[in-house]
Structures are given as C-alpha cells and as structure tokens.
Peer 1: 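Dumping the structure here so I can ask a few things about it.
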2 protein chains.
Amino acid sequence: MSPVGRPLRPRGKLLQEDARRHHRSLLLQQLFREGPASRADLARTSGLTRVTVSDLVGELVGEGLVEELGAPAEARVGKPPTLVGLAADSTHIVALDLSADDRMSGAVVNLAGQVQARHELPIDGAQGADAVELVHRLASELIAMTDRPVLGVGVGSPGVVDAAGTVIDAPNLAWTDTPLSTSLAEALGLPVFVANDANTAVLGEHTFGQTGDGGLLVLRVGIGVGAGLVLEGSLLHGHLGAAGEIGHVTVDPDGDECACGRRGCLETILAAPRLRRRLAAPGADRAAVLTEVGERLGATLAPVVGTLNIHELVLSGPTELLDGPLREAADRVIRERTMPVSSAGLAVRTSTLGDDVVLVGAAVLVLSGQLGVS
Amino acid sequence: MSPVGRPLRPRGKLLQEDARRHHRSLLLQQLFREGPASRADLARTSGLTRVTVSDLVGELVGEGLVEELGAPAEARVGKPPTLVGLAADSTHIVALDLSADDRMSGAVVNLAGQVQARHELPIDGAQGADAVELVHRLASELIAMTDRPVLGVGVGSPGVVDAAGTVIDAPNLAWTDTPLSTSLAEALGLPVFVANDANTAVLGEHTFGQTGDGGLLVLRVGIGVGAGLVLEGSLLHGHLGAAGEIGHVTVDPDGDECACGRRGCLETILAAPRLRRRLAAPGADRAAVLTEVGERLGATLAPVVGTLNIHELVLSGPTELLDGPLREAADRVIRERTMPVSSAGLAVRTSTLGDDVVLVGAAVLVLSGQLGVS
DNA sequence: CCGAATAAGTAAGTGCGCTGAACTAACAAA
DNA sequence: TTTGTTAGTTCAGCGCACTTACTTATTCGG
C-alpha cells in the first residue's frame with residue numbers, strides 16, 4: 001500500500017450533500033468519457049446500486065443534462081436497457097481566451113467541447129479597467145448569442161492567476177490584483193472560472209486531446225512562454241498560482257537581455273516574436289536555428305521531465321515554428337538527457353486542438369467546476 | 001473561482017462510512033498539528049457541530065487514540081472546557097529504512113514521530129528473497145520491542161516502488177517486481193506501507209520539518225541521488241512511481257561514465273561515494289569542487305523550481321558534503337536562473353531531521369494511511 | 001407456444017451519520 | 001443571587017444510499 005492520489009491531509013468537512021454531488025459527477029463523468037450507457041451499466045461501472053443510479057439519473061434527466069436515447073440495436077437476453085446519454089446542447093458554456101495581444105476571443109461551447117459560435121473584440125491597447133470592461137462586453141455578447149442556458153463562463157487569462165480567479169499580475173493588460181472572477185460573476189450572475197492561459201491549455205489538452213494517464217506538460221509559446229501541468233490527474237497551481245512560470249528560467253547566462261531585466265531567459269530564444277525576428281535575419285539558417293533552440297529547450301525541460309515523470313509534452317503555439325526541427329531536437333535532447341525509464345513512455349508532440357486549446361480549456365474549467373467532469 | 005486541490009475527475013464512490021472516516025481524520029489532524037483542544041474548539045475549527053465532534057471524540061477515546069486531559073489552567077467566562085489530546089504512545093509504528101547499502105535500520109516510533117527504540121540488521125550482501133527475509137526479521141524483532149499495539153509498518157525502500165507497495169526495481173537488493181507490501185502484511189498481520197526512500201523522506205520533512213505550505217522537494221544524496229516531491233499537499237508518484245528519478249538526468253553530456261550506461265548523470269557528480277573520491281584526490285580544492293557541483297545542481301534544479309513553484313528545497317544526506325559551499329552555490333544559481341517571483345519565497349536548506357528523515361517519513365506513511373494524519 | 005432464465009428498472013423500508021434545537025452543567029461578573 | 005456565557009449532552013428528524021422484493025421485458029429451450 002501507499003498513499004496514492006488522496007491528499008495527505010483531509011480538507012474541510014464532508015456533507016451528505018457532497019457525497020450526492022460526487023456521485024452525480026461520477027455518472028456524468030462516465031457518460032462524458034464513454035458515451036451513452038444504460039442505468040445498469042452505470043451502476044456496474046460506478047459501484048453504486050441500480051436504485052441509486054436510477055434516482056440520480058432521474059434527477060439529471062429532470063434538469064435536462066441527460067436524456068434517454070431508447071434501446072440499443074443489438075438484442076441480448078433479458079429486458080433491453082434504455083440508454084441514457086449526456087445532452088451535449090442542453091446547456092452551453094461561454095469560454096474566453098485573453099492570451100492574444102491584439103484581440104480577446106471567445107466562443108460558445110457545448111458540453112462535448114464543440115465550438116458552436118465565435119466572437120472577438122479588438123483590444124486596441126485597452127488596459128486596466130478598460131480591458132476588464134472589454135471582457136465584460138465580450139462575455140455578455142457571447143451569452144446573447146446562444147438561446148440555451150449558460151452553465152458558466154471560463155476564462156483563460158495571461159499572467160499569474162490565483163486560486164480565487166484574481167489576476168495577480170498581467171503586464172500586457174496592466175492588471176494587478178484584479179478580481180476578474182468576482183467582478184464578472186457579479187455582473188453576469190453566472191459562475192465564472194478564471195485561470196492562467198497555459199493552465200487552461202493543459203486542461204483542454206488533458207480532456208480533449210489524445211492524452212493518456214501520465215503527467216502532461218503543455219508548453220505555450222506566444223508573445224511569452226508559459227507551461228501548464230496536469231500531474232496525478234490534478235492541475236498544478238503552485239502556491240500563488242505561479243506554477244508553470246518557465247518563461248523566465250535562464251537557459252543561457254550569457255544570452256540576450258530579457259524584458260524581466262535578466263539575461264538568457266527561455267523567452268529570449270523561444271517567444272514567437274523573438275524567434276521570428278531571428279529567423280528573418282539575413283543569412284539565418286532556419287533549420288539550424290530551430291534545432292539549436294529545440295536543443296536548448298530540451299536541455300531545460302529534461303530535468304523537469306525526469307523529475308516529474310512527465311509522459312506527454314505538448315508544444316502549443318505557431319506550428320510552423322514548433323513542429324519541425326525544433327520539436328525533433330527537443331525530443332532528442334530530452335531522451336538523451338533522461339534515463340530510459342523516464343523517456344521511454346514519453347511523447348513529444350504539438351497540440352491536436354490548434355489555436356482553440358485555451359478556449360476549449362476554459363470550457364473545461366467550467367465543466368470541471370460545475371459538473372465535476374473533465 | 002478555479003479548480004483547486006480537488007482532482008479533476010471524481011474517483012470511486014463515496015460511502016457515509018467514508019465521511020465518518022474523513023471527519024475522524026479531520027479531528028485527529030487538528031490534534032496532531034495544533035496539540036490538545038476542547039471538543040468545542042474542534043467543532044469550531046472543523047466546521048462540524050459540537051454534537052458530532054463529541055460523538056467522534058468519544059469513539060477515539062474508546063479506542064485509546066485520544067485521551068482527556070482535564071481543564072486548562074486559565075480561567076475564562078463560562079464552563080471550563082475539557083481538553084482532549086492525541087495519546088502519542090497509545091499505539092506505536094514500526095518504521096524501516098532500507099536505503100543504506102550495508103544495513104537495514106528500523107525504529108519504533110510513536111504517533112508524535114518520536115523514536116522510541118532502534119534496531120538494525122547488517123545486510124551482508126543479502127539479495128533477492130534473502131533480503132526480503134531480512135526485512136521480515138527486522139520488522140518482527142521491532143514489533144517485539146514494544147508492548148503497545150502496532151498501528152502499522154512503514155518502509156522506505158530504495159528503487160522504484162509502485163502505488164501498491166511493490167518494488168518494481170531495486171538493483172542493490174536485486175529486487176524486481178517484489179511485492180514487499182503484500183508479503184509483509186501477510187506475514188505480520190498488520191497494515192504495511194512501502195514507498196521509495198526519497199518519497200518517505202519528503203513525507204518526513206513535510207510533516208515533521210519546519211516546512212510551509214508551498215511545494216517541497218527533498219533531494220536525497222547517498223549511494224545514488226533521488227528526489228521526492230510534495231506538491232499541493234500531495235505526494236507526487238508519477239505514472240509508475242517513477243517520479244523523482246533525477247539522479248540520471250544528464251548535467252554534462254561530456255561528463256564521466258555512469259552505471260546506467262550514459263554519461264554525465266547528476267549521480268556521477270553528486271552521489272556521495274563519487275563526490276568523496278573526487279574530494280580525496282590529491283590536490284583537490286574542496287571548496288572549489290563543492291561549489292562547482294552545487295552550481296551544476298542549481299542549474300539542473302532551476303527549471304524544476306521555476307516550473308513547479310517549489311518553495312522549499314531540502315538537501316538530505318551527508319551534511320559535511322551538502323551543507324556548505326555546495327548548498328550556497330546551488331541556492332545562488334537557482335536564484336540567478338529563475339524569476340524573482342519563483343525564487344523570492346524559496347528556501348534552500350539541509351534537513352532538520354538528519355539521518356532519520358527516511359525513518360520518520362516511513363512512520364508518516366502509516367500515520368497518513370491509517371489515521372489520515374500528516 | 002409456453003414456461004424458465006435473464007436482465008433492467010421501480011417501490012418500499014432500513015440504517016447510518018449529521019444537524020438543529022433544547023437542555024444541563026459550570027463558571028465569572030454584576 | 002441573578003445574569004450571561006461557554007461546554008457538552010440528549011433527542012427528534014432529515015438526507016442519502018443500501019437491501020429486499022417486485023414488475024417489466026426480452027431470449028432461449030423444450
């Protein structure tokens with residue numbers, strides 16, 4: 001035996017109500033991941049009795065979240081089951097991605113993670129309160145774009161975001177200690193979940209990408225560089241939400257100067273604008289540059305991969321930069337620099353969700369927070 | 001809001017019985033960390049009602065785990081409370097440390113983590129089944145050394161240990177897929193918990209060291225080098241229990257050959273025997289060597305510290321090697337190579353528990369597994 | 001074609017664990 | 001002594017999931 005998964009210390013009291021919610025989530029989770037099933041199937045997989053499952057399913061059907069789908073085609077002995085499945089469009093989610101520097105984009109997403117409508121607003125240099133106002137507008141306009149009830153609003157924001165959904169620090173938008181979650185929730189009258197964009201990205205990838213059960217690290221490359229991690233099935237926050245701040249780890253003490261005042265941060269070689277500039281320089285050997293950057297990235301990530309037993313490393317950002325010599329070099333160096341036990345199960349790839357990772361991940365924030373599903 | 005702490009997906013069904021156990025742990029935890037308290041105090045801090053607390057405390061007193069301590073000295077308004085406290089010696093724990101190469105050591109530990117008796121057996125080159133036999137003997141002899149009931153047996157073993165307590169691979173003892181936990185539990189008729197020695201070390205430090213709430217990494221330096229991590233209040237296992245395998249991360253591609261067949265692994269510069277040999281070489285400048293090793297260690301750990309928002313880095317092993325220029329250099333380089341947000345809250349130090357970390361941590365395995373306390 | 005077997009789903013009753021409200025006990029201050 | 005405050009207990013009741021027993025719906029073997 002060994003203490004696995006469970007936090008070392010108990011947190012807070014546990015009501016019967018919590019048990020009920022937990023079991024509700026258990027069923028929703030099953031339907032979410034494995035698709036329609038009969039009540040009896042749900043009872044078998046969840047370990048609950050058929051009675052309890054029927055009761056819970058009845059409740060969910062009453063709410064419209066789950067719908068009866070009739071009997072399956074194949075005929076077996078006994079009474080044919082009635083399949084029930086998640087009603088993906090019974091409720092919609094509003095998801096926002098604030099990580100671009102020129103616009104805020106958002107979408108209406110259904111419970112299956114499919115984008116139903118899109119909308120965006122240009123930032124036009126808005127900062128501070130103006131930028132908050134812009135977020136409010138974007139959210140409201142998206143809510144108006146669906147006729148379904150809205151389960152909640154999920155936001156992937158740049159910068160450091162704490163567990164309460166307050167943006168501690170986001171230089172681009174000039175936000176410091178901005179209680180985005182609270183103000184949005186108040187204005188909209190809906191549950192709002194805010195997290196760092198790299199964190200929502202890793203959630204999106206974890207839930208809707210082709211990922212396994214091992215540790216997952218998503219490296220987001222854009223204006224800056226950030227990472228999000230899912231370890232042991234949980235999102236890693238760090239003490240003040242500062243986990244994943246890999247962009248300003250030094251990769252070369254003698255490297256270029258960085259905006260943070262130090263030298264040779266990962267961002268100085270990997271952030272998209274910097275890297276593009278370097279590739280556009282006269283006489284630059286594209287493959288050589290990308291390989292060199294990939295190698296440095298690999299050397300930086302190797303200790304992380306080895307220490308955390310990461311199984312999947314996903315590069316998210318401009319594919320034309322990331323998915324070629326850069327990825328290959330990073331992959332190779334990580335394998336060279338970690339023991340086979342660690343690297344054997346490792347996959348290094350680019351995101352299958354493309355530019356929507358953050359958006360879809362923001363929806364996962366809501367799915368997870370409201371339904372306990374991911 | 002943001003999904004915090006809670007795993008993203010619900011795991012398994014939840015009985016009322018579990019709620020009861022959870023609340024039991026909640027009270028034990030409070031008594032364990034904050035010392036004696038009245039029933040009313042417990043009710044306030046736990047959020048449970050006085051009724052429920054009284055009931056649970058009654059149960060715990062009945063089992064002997066908790067005892068009434070009478071009224072406190074100071075007089076306040078109202079009926080004076082009766083303090084209750086953990087009966088530290090009501091039950092004992094048998095803890096084993098198998099990480100040394102020449103002997104297996106063990107201890108009888110009380111619920112407060114205090115060592116009550118020690119015992120050890122020389123390994124004398126025992127391997128495979130013989131080594132397992134030796135563990136059985138050590139455990140039995142320790143159980144015979146206390147007259148109190150034994151809560152359980154905790155084992156810190158070298159090598160990779162999975163969540164079920166099976167030693168997947170431990171070269172020194174020639175164990176592969178050895179179900180140590182199961183075989184011990186069967187032979188002794190007691191609950192047995194087995195984990196990797198670095199993992200037990202981090203548990204020991206987390207529970208009995210002067211640690212805060214942030215991420216904690218314990219680096220164990222001995223014959224090999226390994227790490228254990230506590231993140232967000234949970235022990236990190238990795239997919240097959242392979243988290244913390246930092247010893248064979250390459251720090252210098254052109255370095256010395258390593259037992260694993262590759263070159264320049266962290267172990268080749270940091271493992272105690274290697275480092276001692278290098279320091280003993282004629283003409284070696286002790287401070288310079290230790291500083292250089294510390295710098296390399298810092299460079300390796302910087303990405304890990306930055307990415308995980310580690311708050312405490314504890315070096316555990318021979319103090320005369322670790323606690324001087326080496327620690328200082330590592331500390332300095334990590335600070336140079338991570339952004340101030342990450343490194344500001346960081347403390348780099350050696351263990352306050354000395355050689356007993358693994359042993360005490362093995363006891364924590366039992367405390368956590370059996371009482372939900374840590 | 002009909003009973004036996006099998007499986008899904010429903011209904012009623014039971015037990016467990018927690019809660020709120022009321023109650024007793026023990027003290028300090030007025 | 002009275003009043004107010006705090007600690008701890010008793011008791012009725014509620015929510016949740018369980019067990020048991022039943023109905024419904026189908027296939028299979030004779």
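Source: prediction; values computed, not measured. Here is how names work: the chains are called A, B, and so on, in the same order as the sequence lines, proteins then strands, and each is numbered from 1.
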Peer 1: Using modelled atom types and a 3.5 Å cut-off, is there a donor and acceptor pairing between side-chain atoms of A:Thr146 and backbone atoms of A:Ile143?
Peer 2: no

Peer 1: Counting just side-chain N and O atoms, does B:His23 come under 4.0 Å of either OP1 or OP2 of C:dG17?
Peer 2: no

Peer 1: When you get a sec, tell me which of C:dA8, C:dA26, D:dC16 is the closest nucleotide to the side chain of A:Arg20?
Peer 2: D:dC16

Peer 1: Between P on C:dC27 and NZ on B:Lys79, what's the gap in Å once rounded to a whole number?
Peer 2: 9 Å

Peer 1: Using heavy atoms to find the nearest nucleotide of DNA chain D for A:Glu17 and B:Ser38 separately, return the residue whose nucleotide is more 5′.
Peer 2: B:Ser38

Peer 1: For A:Ser181 and A:Val192, indicate whether the former's side chain and the latter's backbone hold a donor-acceptor pair under 3.5 Å.
Peer 2: yes

Peer 1: Check step by step if side-chain contact (heavy atoms from CB on, under 4.5 Å) holds for A:Leu188 and A:Ser140.
Peer 2: CA-CA 7 Å; A:Leu188 304 172; A:Ser140 310; 3.8 Å; yes

Peer 1: Looking at DNA chain C, which of residues 42-61 of chain A put a heavy atom within less than 4.0 Å of it?
Peer 2: A:Arg44, A:Arg50, A:Val51, A:Ser54

Peer 1: Report yes or no: does A:Gln29 contribute a side-chain atom to a donor-acceptor pair with the main-chain N or O of A:Ser374 at less than 3.5 Å?
Peer 2: yes

Peer 1: Tell me which of B:Pro80 and A:Pro80 sits closer to the 5' end of DNA chain D, going by the nucleotide each one is nearest to.
Peer 2: B:Pro80

Peer 1: So, B:Thr82 side chain and B:Ala71 main chain: donor-acceptor pair closer than 3.5 Å or not?
Peer 2: no

Peer 1: For B:Glu186, look at atom CD and say whether over 12 heavy atoms of other residues, nucleotides or ligands are found less than 6.0 Å away.
Peer 2: no

Peer 1: For B:Asp18 and C:dC16, give me the distance from atom CG to atom C1', rounded to whole Å.
Peer 2: 13 Å

Peer 1: Between P on C:dA8 and CG on A:Asp41, what's the gap in Å once rounded to a whole number?
Peer 2: 7 Å

